[in-house]
Protein chains: 2
Amino acid sequence: MQHVEEKTAATDSWRERKKRATRAALVEAAVRMAVERGVEHTTVDAISEAAGVSPRTFFNYFDSREEVFVLVGAESSARVRSALLEAPRELSPLEALRDAMAVELQEIEQQQELWRLHAEVLRRSPELLARSIGAHMADELDLAEAVAERIGAGSPLFSGNRAGNTEVEAEQRRRALGLYPRLVAAVGASAVRIAVEHWCVHQEEAAVEDVFLEVFDHLAAGLPEPPPPARSGRR
Amino acid sequence: MQHVEEKTAATDSWRERKKRATRAALVEAAVRMAVERGVEHTTVDAISEAAGVSPRTFFNYFDSREEVFVLVGAESSARVRSALLEAPRELSPLEALRDAMAVELQEIEQQQELWRLHAEVLRRSPELLARSIGAHMADELDLAEAVAERIGAGSPLFSGNRAGNTEVEAEQRRRALGLYPRLVAAVGASAVRIAVEHWCVHQEEAAVEDVFLEVFDHLAAGLPEPPPPARSGRR
DNA sequence: ACGTGATTTTGCAGGGTCTGCATTTTTGCA
DNA sequence: TGCAAAAATGCAGACCCTGCAAAATCACGT
């Protein structure tokens, strides 16, 4: 994982815009090419040529060839995280998380084009799918920390200030993490994953958001004995 | 992913035993070496030399260098799957899954040695952790199919016979998969993941199995509003 | 407009990963 | 023992990825 953007201040110069453009060009070139000729025949040389940069430059933007296929929704987790922290305090952690994720999914559904292609790529390449899921999972830990932060807001430890990011401190944060935040994060992440996968396959049958909310509620409420009343013939 | 073992029949010849031995030797050499000098300095050449085979042979056993670090518990998912299908029919899908997974975790805890080292490797390498989790997730889909099979046992479609494994048929199976099996599988997989991660960090504080059962029950019962009564000072 | 320092791009060398193919070695069995 | 199948091996070659230093580009003050 490479830092996508660290400093939010004074970041709109010609320089920055060009970097974003290059990055986007690389992703787009890669994804389109992968849909056409398959991931394994999509070499770094080809991608960078299509994007109009040198092969060496590719690695200034991505740590590995595969990252360009996996990191498509990289900013999402950060957005969910902050939405979660800023949500009204009346909401329970679960509700806050559900809303934050629903909003994010909604926005994703807008930019269908790229996501559709991306989904296509992942569907054809189990290897990459696994990697992608894994990447999203790493987010699950972050998410759990955010949940913990929201719950124990004001706690002397871990409030705000995520600056100190040494290996050791990350380790300590993880140690101090109770089980409950992990459960909440797991429910959210599972719901997103199931909803998105379901949506990729049953394209256009329903909005991602709806599937997500249904799945989320089931998970959050606990799984009843018999299969949940297979939602009436809505298609 | 490389097929670990397909035919269960007539598989105990000297030949087969040797293959298993070589495989194990490679894994062990790799993991030990990774703990000592770090994953990135553990080259294929070094691993195969330590295991006493040629570098080329390594790739007869693993599709990539990283697989040797990720595929440590590869047979687990198959065992859980069959335990799930063979469990007494009185048990609900959830109960059957919980028991099957608990048994598996128990057995894993026996061979502490290798798993401890493996956990150590993953802890130090987020990249690999993500991959490993991703690999286990791929199992989640299989798991969901098994759950579906158990529920709709006798269903004209998809009963037994997983022989036809063309791309197309796999696709069709996934399409026909309802949401409920996915939820059950997600609960199980999440519980395992959280339990194992928790266990890796808080080593020796509690048996994996206990953490797993606690997590599983919470997830299956639904998440209550307030954090679940932080389990009383049981250690 | 011009110079200067900072940032980014690029080429290049070199080591590691992984595959296909032909050859040799080992194993299973009559 | 001899033969056929399976596995291990060597080798060539393509690709991935990284450090380093030179060149191109950008930001900014004068």
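Quick note: numbers below take in every heavy atom, side chains included, and nothing from hydrogens, waters or symmetry partners. Labels below follow one simple rule: chain letters A, B, ... track the order of the sequence lines, proteins then strands, and each chain is numbered from 1.
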Nearest to the side chain of [X], which nucleotide is it out of [options]?
X: B:T43; options: D:dC11, D:dC26, C:dG16; value: C:dG16
X: B:S54; options: D:dT9, C:dT9, D:dA27; value: D:dT9
X: A:R15; options: C:dA6, D:dC16, C:dT17; value: C:dA6
X: A:N60; options: C:dT27, C:dT9, D:dA7; value: C:dT9
X: A:R56; options: C:dG28, D:dC20, D:dT25; value: D:dC20
X: A:K19; options: C:dT17, C:dT9, C:dT8; value: C:dT8

Protein-nucleotide distance ([X], atom [atom1]; [N], atom [atom2]), rounded to Å:
X: B:I47; N: D:dA8; atom1: CD1; atom2: C1'; value: 18 Å
X: A:D45; N: C:dC12; atom1: CG; atom2: P; value: 13 Å
X: A:E49; N: C:dG11; atom1: CD; atom2: P; value: 12 Å
X: B:K18; N: C:dT25; atom1: NZ; atom2: P; value: 14 Å
X: A:F59; N: C:dG16; atom1: CZ; atom2: C1'; value: 13 Å
X: B:R37; N: C:dG16; atom1: CZ; atom2: P; value: 11 Å
X: B:R20; N: D:dA7; atom1: CZ; atom2: C1'; value: 16 Å
X: B:R23; N: D:dA8; atom1: CZ; atom2: C1'; value: 16 Å

Note, [X] side chain near [Y] side chain (heavy atom, < 4.5 Å):
X: A:E67; Y: A:Y61; result: no
X: A:R193; Y: B:E140; result: yes
X: A:V211; Y: A:I194; result: no

(message) If I take atom CD from residue B:E40 and atom CG from residue B:L128, how far apart are they, to the nearest 0.5 angstrom?
(response)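 Going from the CD atom of B:E40 to the CG atom of B:L128 covers 9.5 Å.
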(request) Considering only NZ, NE, NH1 and NH2 on the basic side and carboxylate oxygens on the acidic side, decide whether B:E120 and B:R123 come within less than 4.0 Å. (result)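 Counted as a salt bridge, because a side-chain N and a carboxylate O are separated by less than 4.0 Å.
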(message) Counting only side-chain nitrogens and oxygens, does B:Y61 get under 4.0 Å of the OP1 or OP2 atom of D:dA8?
(response)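 Result: yes.
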(request) Between A:W14 and A:T42, name the one whose nearest nucleotide on DNA chain D is closer to the 5' end. (result)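 The residue closer to the strand's 5' end, by nearest nucleotide, is A:T42.
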(message) Both A:E66 and B:T57 contact DNA chain D. Which one's nearest nucleotide lies toward the 5' end?
(response)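 Its nearest nucleotide being more 5', the pick is B:T57.
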(request) Determine which nucleotide pairs with C:dA30, using a 3.5 Å limit on both distances of a Watson-Crick or G-U wobble pair. (result)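 C:dA30 is paired with D:dT1.
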